[in-house]
Amino acid sequence: MFGKLINSIGVQENGNDSNKYERIETYAAEEEIMLSDNNNNKLQPKMAKDEDDIVNVKNIRDDMRKYVVACAIFASLNSVLLGYDVGVMSGAIIFIQQDLKITETQQEILVGILSILSLLGSLAGGKISDTIGRKWTIALACIVFQSGAAIMALAPSYQILMIGRLLAGIGIGFGIMIAPVYIADISPSIARGSLTSFPEIFINLGILLGYISNYVFSGLPVHSNWRIMLGVGIAPSVFLGFALFIIPESPRWLVMQNRIEEARTVLLKTYDNTKEVDERLAEIQMAARIANADKYKEKAVWLKILNPSPAIKRMLITGCGIQCFQQISGIDATVYYSPTIFKDAGIKGNIELLAATVAVGFTKKMFIFVALFLIDKLGRKPLLYISTIGMTISLFCLSFTLTFLGDQRFGIGLAILFVCSNVAFFSVGIGPICWVVSSEIFPLRLRAQASGLGAVGSRVSSGVICMSFLTLSRAITVGGTFFLFSVISALSVVFVHTCVPETKGKSLEQIEMLFQKGSELQVGGEIEMGDAECLVQRQ
């Protein structure tokens with residue numbers, strides 16, 4: 001071992017004197033033999049111990065990474081439910097209309113109302129998660145959605161179907177609000193972006209599974225196929241039930257409840273060493289003390305949000321704005337009504353329409369992994385630029401294709417291509433990063449409620465778009481509607497440039513302090529931020 005070590009050092013020197021290296025290697029070999037002969041009983045146990053220590057440290061780090069990833073995956077299972085509902089309803093609505101004889105307006109309401117109703121869950125979810133904890137709010141979301149999905153699958157009429165839709169919407173509202181908050185709370189700073197994008201990954205998985213379910217069950221009788229499609233959505237909640245026995249409570253929530261030792265135990269499972277754990281715990285406690293100071297006691301949390309300080313106002317503009325732009329650029333309309341889009345392009349049969357939607361779901365799912373791998377390397381803002389600019393171009397090209405090349409074989413191919421490129425650019429950037437940013441930027445005391453408010457903006461925007469898409473398309477054509485979406489997407493590029501900071505590699509507490517200095521939010525699109533301790537001292 002010593003011979004190899006010294007030899008490697010020698011190779012790094014200036015290689016002009018080869019005899020010198022020969023002597024070094026010879027001496028090293030002799031030293032190694034001598035040590036081996038004379039001190040075998042002492043040296044070998046020490047070397048073995050050092051190697052064991054290295055292996056043990058590596059194993060511990062691997063176990064920590066696996067543990068954090070497992071927590072992020074389990075916390076994101078609720079997102080599969082939302083994605084599945086979005087995907088399956090795009091095809092199920094065709095058969096619901098045939099079975100229950102509902103009108104076009106009722107179709108729009110049935111599709112879009114889930115997004116509107118989910119705001120109830122998002123609004124209540126912040127307060128509930130502060131009361132019962134992040135972990136058990138995830139469980140509550142699962143139970144409520146399960147109940148709604150079961151009612152929808154068994155609904156004998158449109159009215160009962162809407163009751164199930166009400167419960168499913170509330171459950172989804174809980175889930176989409178709490179999953180990014182929980183993952184951001186538990187993740188190390190270096191991996192928080194990738195891990196917080198997990199909910200979007202699982203939404204895309206759910207959408208793909210919904211599309212596949214549509215295609216698989218479409219051949220069954222009309223009275224039963226859509227019921228099976230909706231009922232299958234209950235399955236992910238079974239896995240979530242097992243997950244509750246594995247995932248811990250959020251360490252930041254535990255600190256807010258003054259359960260410091262429990263928080264430290266959780267952090268020990270997610271960070272490499274006790275020094276880093278102590279630093280993170282000190283940061284969280286500092287943020288919690290600020291959150292629990294007298295100025296926070298004087299006003300209710302919601303009053304603080306409704307009457308914000310300049311820093312909180314900047315956070316709200318960034319968090320809620322990016323949530324709204326994510327939806328008003330038409331992504332849910334594209335996903336929910338993809339059969340309508342492809343029908344307008346020239347595809348006729350239901351089987352062919354549903355097969356084309358599977359391609360959309362597969363594309364959306366695959367490109368989310370690009371964001372997963374790049375979000376903590378390139379940063380949030382570069383991916384947002386790529387995403388919003390790419391979506392703008394794709395939407396404009398789709399509008400042109402539907403307007404001038406509809407009902408042509410070439411036009412059908414282009415329509416599928418541009419729909420797929422639109423969802424691909426969405427998945428690369430604004431889809432997952434929207435949730436990452438909105439879960440990172442708010443102060444600890446306001447994080448759950450403010451994230452809930454952002455989710456409300458997202459769901460309301462989605463509901464409005466979905467509930468008006470068919471009416472708007474009839475008024476200005478499907479191509480005209482997507483031209484409008486392209487204009488909105490172009491505005492989102494401007495919003496990203498002016499209002500969204502780069503948060504890569506910063507702790508949640510550092511990001512919170514950053515917004516106290518609004519002039520630093522956009523300097524060439526990058527963040528300049530001092531040391532966290534200095535910023536804390538300014539408070």
Colleague: If you compare all heavy atoms of Ile331 against all heavy atoms of Gln327, which two are closest, and at what distance to 0.1 Å?
Modeller: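 Heavy atoms of Ile331 and Gln327 come nearest at CG2-OE1, 3.8 Å.
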Colleague: Return yes when atom OH of Tyr158 has more than 12 non-hydrogen atoms of other residues, nucleotides or ligands closer than 6.0 Å, and no otherwise.
Modeller: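 Atom OH in Tyr158 is packed in, count exceeds 12.
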Colleague: Rounded to the nearest 0.5 Å, how far does CG of Leu161 lie from CD of Gln159?
Modeller: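 With rounding to 0.5 Å, CD (Gln159) is 9.5 Å from CG (Leu161).
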Colleague: Minimum heavy-atom separation for Ala424 and Thr363, please, with both atom names.
Modeller: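 Nearest heavy atoms, Ala424 then Thr363: CB-CG2, 3.9 Å.
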Colleague: Only counting residues at least two apart or in another chain, list the ones meeting side-chain contact (heavy atoms from CB on, under 4.5 Å) with Ile246.
Modeller: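 Expected list: Phe74.
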Colleague: So do the side chains of Phe482 and Thr403 get within less than 4.5 Å of each other, counting heavy atoms only?
Modeller: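 Not in contact.
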Colleague: Indicate the atoms forming the closest heavy-atom contact of Cys499 with Thr318, along with that distance.
Modeller: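 Of all heavy-atom pairs spanning Cys499 and Thr318, the closest is O-OG1, 2.7 Å.
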Colleague: Mind checking whether Thr103 and Gln107 have side chains closer than 4.5 Å, heavy atoms only?
Modeller: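 Heavy-atom side-chain distance check fails, nothing below 4.5 Å.
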Colleague: For the residue pair Ser250 and Lys135, establish whether any side-chain heavy-atom pair is separated by less than 4.5 Å.
Modeller: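 No, their side chains stay 4.5 Å or more apart.
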Colleague: Examine the side chains of Asp99 and Trp226 and answer whether a donor and an acceptor come within less than 3.5 Å of each other.
Modeller: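 The answer is yes; a qualifying pair exists.
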Colleague: How many angstroms lie between CG in Asp130 and CZ in Arg134, if you round to the nearest 0.5 Å?
Modeller: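 Taking CG in Asp130 and CZ in Arg134, the distance rounds to 5.0 Å.
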Colleague: Any luck finding a side-chain donor-acceptor pair between Ser468 and Glu108 under 3.5 Å?
Modeller: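 There is no such pair between these side chains.
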Colleague: Measuring from Thr388:OG1 to Leu383:CG, what's the distance to the nearest 0.5 Å?
Modeller: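 Going from the OG1 atom of Thr388 to the CG atom of Leu383 covers 10.5 Å.
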Colleague: Does Ser90 reach the side chain of Tyr211, with side-chain heavy atoms less than 4.5 Å apart?
Modeller: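 Of all side-chain heavy-atom pairs linking Tyr211 with Ser90, at least one is under 4.5 Å.
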Colleague: Just so I know, are the side chains of Val358 and Leu354 near enough to count as touching, which here means a heavy-atom distance under 4.5 Å?
Modeller: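 SC-SC contact between Val358 and Leu354 ruled out.
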Colleague: What distance separates Leu110 CG from Ile102 CD1, expressed to the nearest 0.5 Å?
Modeller: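 Rounded to the nearest 0.5 Å, the CG-CD1 separation comes out at 5.5 Å.
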Colleague: I'd like to check Ser129 versus Val181 (side-chain heavy atoms, cut-off strictly below 4.5 Å). Are they in contact?
Modeller: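 SC-SC contact between Ser129 and Val181 ruled out.
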Colleague: Might you point out which heavy atoms bring Met391 and Ser489 nearest each other, and give the distance in Å?
Modeller: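 In terms of heavy atoms, the two residues are closest at CB-OG, 3.7 Å.
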Colleague: Show the numbers, then the answer: is there a side-chain contact (heavy atoms from CB on, under 4.5 Å) between Ile109 and Met467?
Modeller: CA-CA 6 Å; Ile109 294 173; Met467 293 175 70; 4.1 Å; yes
Colleague: Quick check on Phe217: does its CZ atom have over 12 non-hydrogen neighbours (other residues, nucleotides or ligands) under 6.0 Å away?
Modeller: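 Atom CZ in Phe217 is crowded, with more than 12 foreign heavy atoms closer than 6.0 Å.
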Colleague: Report yes or no: do Thr137 and Tyr182 form a side-chain donor-acceptor pair below 3.5 Å?
Modeller: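 No - no donor-acceptor pair under 3.5 Å links their side chains.
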Colleague: Can you name the residues that form a side-chain hydrogen bond (donor to acceptor under 3.5 Å, both in side chains) with Ser394, not counting sequence neighbours?
Modeller: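 For Ser394 the side-chain hydrogen bond (donor to acceptor under 3.5 Å, both in side chains) partners, ignoring immediate neighbours, are Ser421.
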Colleague: Are the side chains of Phe198 and Ile201 in contact, using a 4.5 Å heavy-atom criterion?
Modeller: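 Yes, their side chains come closer than 4.5 Å.
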Colleague: I need the minimum non-hydrogen distance between Val86 and Val335, along with the two atoms involved.
Modeller: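 Heavy-atom minimum between the residues: CG1-CG1, 3.3 Å.
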Colleague: Look at atom CZ of Phe95 and say whether more than 12 heavy atoms of other residues, nucleotides or ligands are closer to it than 6.0 Å.
Modeller: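 Yes, enclosed.
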Colleague: Relative to each other, are the rings of Phe469 and Phe485 parallel, tilted or perpendicular (30° and 60° limits)?
Modeller: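 Ring orientation, 0 to 90° scale: parallel.
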Colleague: If you draw a 6.0 Å radius around CZ in Phe362, do more than 12 non-hydrogen atoms from other residues or ligands fall strictly inside?
Modeller: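 Atom CZ in Phe362 is not packed in, count stays at 12 or less.
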Colleague: List the atom of Asn214, the atom of Gly91, and the distance in Å for their closest heavy-atom pair.
Modeller: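 Closest approach of Asn214 to Gly91: ND2-N, 3.2 Å.
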Colleague: Parallel, tilted or perpendicular for Phe400 and Phe404, by the 30°/60° rule?
Modeller: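 Rings of Phe400 and Phe404: tilted, 30 to 60°.
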Colleague: Looking at side-chain heavy atoms only, is the closest gap between Ile347 and Ile416 below 4.5 Å?
Modeller: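 Yes - at least one pair of side-chain heavy atoms lies under 4.5 Å apart.
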Colleague: Provide the full list of salt bridge (charged side-chain N to carboxylate O under 4.0 Å, His left out) pairs with a residue in residues 77-93, sequence neighbours left out, each pair given once.
Modeller: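 Residue pairs passing salt bridge (charged side-chain N to carboxylate O under 4.0 Å, His left out), neighbours aside: Asp85-Arg165.
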